[in-house]
Amino acid sequence: MEKMSRVSTALGGGGGAVSGRTMFCHLDAPANAISVCRDASQVVVAGRNIFKIYALEDEQFVEKLNLRVGRKPSLNFSCADVMWHQMEENLLATAATNGAVVTWNLGKPSRNKQDQLFTEHKRTVNKVCFHPSEVYMLLSGSQDGFMKCFDLRKKESVSTFSGQSESVRDVQFSMKEYFTFAASFENGNVQLWDIRRPDRYERMFTAHNGPVFCCDWHPDDRGWLATGGRDKMVKVWDMSTTRAKEIHCVQTIASVARVKWRPERKWHLATCSMMVDHNIYVWDVRRPFIPFATFEEHKDVTTGIAWRHQHDPHFLLSGSKDSTLYQHMFKDASRPVDKANPEGLCFGLFGDLAFAAKESLISSDANRKPYPGGDRRYPIFFFKKPDLTEQFAHVSSALSVFETGLESGRMDWFSQTARLYLLSGKPFAELCDHNAKVAKELNRPQVSTTWTMVRIMFSDPANPNLSAKLGTLPLMNSFSMKDMGACPDMGACPDMGACPADRGKEGRSDAAHLEPGTSHISNNDDNEETEGSDGQAEYMFGDAELDDDDLYSVEHDNPAEDQEYTLPQEAFPLRHEILDNPSAPEPLQQDKAESPHVSGGEAEATCLTPIESCSLISASQPLYTAHLPAGFFCPVVRDMLRYYAEQGDVQMAVSVLIVLGERIRKEIDDLTQEHWYTSYIDLLQRFELWNVSNEVIKLSTCGAITCLNQTSTTLHVNCSNCKRPMSNRGWVCDRCHQCASVCAVCHHVVKGLFVWCQGCSHGGHLEHMMHWLKSSPHCPAGCGHLCEYT
Amino acid sequence: MDVVDQDALGRWDGLSSRDAGSRDSAMETIQQELMRIVEAIGHAPASQPRSPASPGPPCRVLNGILAHLLMLSKRCPFQDIRERCGWLLQTVQDLGVRSPRPLANGPSRFIPEKEILHVSKGDDRTQSIFEDAFVALGRLDNISLVMGFHPQYLEGFLRTQHYLLQMDGPLSLHYRHYIGIMAAARHQCSYLVNLHVNDFLQVGGDPKWLKGLDGAPQKLQHLGELNKILAHRPWLLTKDHIEHLLKAEEHSWSLAELIHAVVLLTHYHSLASFTFGCGITPDIHCEGGHTFRPPSLSQYCVCDIANGNGHAYHHDDLLGNEEVSGEVEVLMEKMKQLQECHEEETSQEEMVERFEREKTESMLVVTAEDEESAPSRDVSRHFEDPSYGYKDFSRRGEHVPTFRVQDYSWEDHGFSLVNRLYPDVGQMLDEKFQMAASLTYNTMASHKDVDTSMLRRAIWNYIHCMFGIRYDDYDYGEINQLLDRSFKIYIKTMVCIPEKTTKRMYESFWRQFQHSEKVHVNLLLMEARMQAELLYALRAITRYMT
């Protein structure tokens with residue numbers, strides 16, 4: 001005996017005639033199909049290795065009969081489909097995988113109930129179907145492309161319908177029209193046949209892309225046919241008109257194996273899928289986005305579904321590859337709608353943000369103001385009249401609109417920076433300087449500083465002595481001159497002449513930091529101690545400028561240059577005078593941070609302080625230990641990049657990454673890099689900075705990123721002669737055998753830039769077209785199209 | 001061409017154009033460059049014989065160019081390039097430079113060159129497909145030339161292959177070629193390995209990987225096991241193998257990548273079968289495709305004589321043999337009988353019996369092991385465990401359960417899985433399978449208007465039967481009726497151990513049939529094998545997912 005189990009203890013309320021609960025039983029083998037007898041008291045389960053009848057009792061399934069008899073069952077028992085006759089309760093038909101159609105008579109006294117055997121099909125029979133009102137008429141559809149109609153009183157089929165060697169996946173008699181049946185095919189077609197006319201179909205239309213696995217006539221509405229296909233769609237067709245019209249379409253997540261209309265509910269149908277997805281869904285076809293109900297009990301794909309009683313919508317039976325047979329109670333179904341939060345979020349053109357959510361979720365917010373446009377219900381056409389037959393919960397939502405301030409959300413700096421940054425093409429130091437300058441001009445001192453620091457850290461620390469001894473002074477001069485010419489901020493410096501001098505001093509002071517040879521920490525202490533005392537002199541300088549930006553630039557630009565050019569001078573005598581120059585701006589910075597009106601950039605700056613001082617110290621290190629390993633700074637820089645990325649400034653992280661290239665790449669794992677790159681590229685593309693994004697893609701070293709440029713590079717074009725799409729690669733049209741890229745003005749083949757009108761497909765050399773369309777609005781090819789050059 | 005310099009790669013790009021003018025100018029550039037090199041070498045000590053045995057770097061470049069020119073002069077679908085290249089080679093030879101000559105005559109060792117080229121010239125459609133292929137790749141490989149017998153199929157085949165290798169997909173380009181190399185190497189198919197080694201380097205692959213699987217990333221090494229099983233004993237594939245690949249920490253594959261890899265592996269396993277089955281010779285410009293030695297009597301390839309490249313009518317002489325005449329008629333008679341005598345009922349037990357018998361018998365078909373092929377490139381280094389080969393699955397007592405197509409078929413299950421994870425490819429493979437299965441010209445040898453569907457189905461099912469895949473609705477007795485022993489040997493060898501295929505096998509089956517029909521058979525074998533492997537792999541993946 002089968003092992004029975006209970007799933008829930010609730011008693012089924014059900015509709016009058018039948019009662020029960022959600023329950024299941026284990027089968028011995030995977031099921032392929034199930035079918036219910038007319039009075040809903042028994043169900044037959046058929047599969048490759050199973051063919052049994054179970055009685056549906058209130059509490060459990062009870063095995064009534066095993067139809068697989070014989071010691072070595074033949075392939076005739078290997079069922080692809082089964083159907084219980086809806087009028088004659090002793091009559092069953094099965095479709096066997098070996099091509100046999102078998103009927104079974106339960107009234108037979110012997111153990112073997114096999115009644116008739118038809119072996120006319122050459123391939124697997126996919127479907128059998130009894131006529132709903134005619135006792136002896138059976139229809140079968142097979143892989144060999146034929147449908148056969150059998151009269152059970154005869155030994156052979158009475159008529160054969162040919163599907164032109166396309167495999168038949170499903171056949172269904174119409175519920176209402178006596179002579180009509182529908183057949184669905186592997187090539188996506190659905191055919192309608194009159195049972196009296198086997199010579200040709202009445203009507204054919206293409207329903208799906210790829211095989212149509214199933215179809216089902218609506219039990220009440222005479223013209224409706226539901227079809228499900230491998231293309232993951234369920235479509236409802238209205239067949240009452242002259243042309244089959246698609247009236248509903250439900251997109252599921254996997255290919256649709258079975259579809260069954262729900263009794264007594266006009267708009268509902270149940271589906272299960274062929275692969276991957278194990279659930280059974282009941283859809284309201286008017287609400288194609290979220291299933292009305294879901295049954296999630298099966299552990300493998302569901303292969304057969306049947307409504308237990310043809311007038312009771314509350315019981316659904318299902319068989320599955322996981323070798324179980326279930327009875328699902330509708331009230332136990334999960335309702336995805338309840339779990340879904342109806343929320344919507346959308347950005348407006350000018351950065352406004354609209355957010356709609358269930359009223360209950362945001363009612364607590366006291367600050368809400370009514371929308372200036374008036375009452376929330378103002379656009380009255382948004383409201384659908386509640387349809388009583390639609391059992392979806394009606395949700396009223398509240399809409400909030402958040403306006404952005406004019407300035408706060410501005411991202412100008414982002415696109416500016418992206419456009420102005422140089423990521424390659426120049427020596428490393430120049431790139432850094434350039435980028436530092438860009439950042440400074442955009443009023444982002446912290447970023448600017450970082451660039452400078454990066455330059456210091458990685459600028460060729462290996463042989464400072466050599467370059468220094470040879471040409472320190474001239475080099476320094478030329479550099480600072482250039483720098484000043486190019487940078488307006490520097491030009492604003494009150495004391496031009498003093499600048500180089502200051503610079504020199506600072507550099508040396510920088511060096512002096514480390515002279516005692518103390519550890520980092522003590523250096524830090526040093527800094528703090530001296531801040532108060534020695535910083536005084538520097539304050540003067542700062543006050544004079546009244547611009548912290550410039551202060552920054554002075555502070556950080558200078559050491560940067562100094563490191564390269566003045567450091568090897570080792571001008572000891574002067575050192576002590578300006579001992580702590582670089583730390584001077586720090587108090588200022590902190591003041592700023594504490595002030596109430598902190599803008600974005602400045603807020604960041606406060607966090608940066610520790611990093612900055614830290615890197616300053618390490619930066620100065622190579623002055624004295626010139627033979628530090630090249631990767632010495634990498635951990636610091638890595639942390640810095642991480643920090644930026646975490647702050648959301650992925651632009652900085654990626655830019656530094658690219659500029660540093662090999663120097664830092666090994667330090668950061670590939671996944672993180674890839675993540676940064678994709679984020680940055682995504683941002684760039686949202687700002688429509690295509691060129692920059694392309695440059696970034698090109699310069700990236702991640703395989704996953706560089707290959708972005710190789711995807712989706714197909715361009716679809718029409719031939720300018722025959723206006724048909726060109727299927728061929730290259731520029732010769734298949735159909736008219738002419739070269740498609742001929743300039744409409746000069747009639748030569750265009751090599752190079754080719755511009756063409758998307759309206760009429762004519763075009764030519766960019767210059768010719770520009771010229772032509774200046775003088776005439778018509779297409780130069782004379783086709784009469786009014787081309788537009790924008 | 002072991003040395004691939006960037007120059008050489010860009011050089012030929014201009015020729016891949018449909019516009020005669022730009023081809024012309026590209027040819028002009030090549031000519032100038034060639035002359036420059038020839039001159040440069042000419043200025044070097046002229047006394048030193050320019051032997052190909054010890055070529056200096058410029059000489060090697062020159063030889064590379066000459067080989068490529070030779071290829072173009074023979075294989076390019078554009079008349080103008082063919083002529084121009086031929087002329088250029090002649091000119092260079094007149095200047096005293098030793099120029100190469102093709103080592104093999106024609107794209108296939110089995111099929112006379114004339115017959116293949118005749119096809120491509122006669123048919124507009126084939127010609128345009130060849131042009132497409134040339135424009136896309138800058139070459140026309142021998143496989144495409146041989147498939148040119150069946151343009152409908154070739155079109156789908158090239159489209160699929162192009163998509164798999166060049167278009168959107170989860171794997172990066174060099175991975176794709178490397179997987180192709182791995183798969184082809186499993187069957188020691190040096191032709192495909194050479195082809196893809198060049199492509200692999202061209203898309204920026206790391207030459208270190210080519211030293212062996214050990215040099216490749218861990219991720220690819222993991223794939224080795226799957227490659228091995230799929231190639232030789234796909235029925236042993238379980239979901240544990242899949243899990244092993246998908247759950248390997250940082251070296252793990254994603255499902256989409258895995259599907260892509262599986263499709264590539266199966267594609268190249270079966271393509272290796274085709275390559276051996278049709279006796280494809282190395283492409284002219286590749287290693288082993290040409291020689292700089294002058295022809296001498298001892299060099300004359302014996303098989304050239306045998307396959308009619310030397311003597312035009314030799315092949316027909318074979319056909320005149322009396323004992324084989326009437327073979328076709330017998331076969332047709334059998335088909336007719338089978339179609340008619342369907343009333344005679346066979347019991348179900350009998351049917352099961354027949355499948356099992358055919359399955360075991362297919363194991364007993366002994367395959368010739370006499371001729372050892374020696375691959376020119378050391379292909380064995382691309383895979384591990386070279387001893388792992390095809391093993392008949394029921395021989396060693398462990399009975400493997402039969403795979404029933406009705407429970408897991410390509411149309412219902414495989415397709416959905418592939419298309420879900422690697423969009424569009426499912427569709428392309430589906431079309432390719434359908435094309436291969438339904439391709440027919442309704443001819444058999446010299447007979448017209450024959451329905452060959454029964455024969456095609458027998459071949460298809462026989463191959464699946466060798467992999468343990470069973471169709472419930474097929475009577476395996478038909479196979480015995482329709483496929484004779486020598487044909488079975490050929491199929492078995494080609495599908496299971498293609499590297500052992502010999503010319504004798506190719507010739508000994510279906511002697512009266514046309515070469516194009518034999519190529520057709522090969523296409524069937526190739527697709528059936530690919531589908532069988534795919535079914536096992538996809539079933540394992542599906543089981544892993546549920």
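Every chain is numbered from 1, with letters handed out A, B, ... down the list of sequences. Just so we're clear, the structure is a prediction, and the values are computed from it rather than from any experiment.
Interface remark: Ser255(A) contributes side-chain atoms only to the contact with chain B (heavy atom separation under 4.5 Å). Both the backbone and the side chain of Ala254(A) have a heavy atom closer than 4.5 Å to some heavy atom of chain B. With a threshold of 4.5 angstrom between heavy atoms, Tyr175(B) does not approach chain A through any atom at all. Neither the backbone nor the side chain of Ser172(B) comes within less than 4.5 Å of any heavy atom in chain A. When heavy atoms are compared at a cutoff of 4.5 Å, Arg543(B) does not approach chain A at all.
Using a 4.5 Å heavy-atom threshold, the side chains of Phe213(A) and Asp412(B) count as touching. Considering only heavy atoms from C-beta on, Met275(A) comes within 4.5 Å of Thr542(B) through its side chain.
Residue Thr97(A) comes nearest to Asp473(B) through the heavy atom pair O-CB, 3.3 Å, listed as atom of the first residue, atom of the second, then distance. Residue Asp407(B) comes nearest to Lys321(A) through the heavy atom pair O-NZ, 3.8 Å, listed as atom of the first residue, atom of the second, then distance. In plain terms, the two heavy atoms of Asn98(A) and Asp472(B) that are nearest each other are CB-O, 3.2 Å.
Chosen from His121(A), Glu186(A), Arg123(A), the residue pairing most often with chain B at heavy-atom distances under 4.5 Å is Arg123(A). Top candidate by heavy-atom pairs under 4.5 Å with chain A, chosen from Arg420(B), Gln434(B), Gln427(B), is Arg420(B). Looking only at heavy-atom pairs under 4.5 Å with chain B, the residue among Arg230(A), Lys232(A), Met274(A) that has the most is Arg230(A).
The NE2 atom of His278(A) lies 8.5 Å from the CE atom of Met545(B); values are rounded to the nearest 0.5 Å. The OG atom of Ser416(B) lies 12.0 Å from the CG atom of Asp277(A); values are rounded to the nearest 0.5 Å.
Other residues, nucleotides and ligands contribute over 12 non-hydrogen atoms within 6.0 Å of the NZ atom of Lys219(B).
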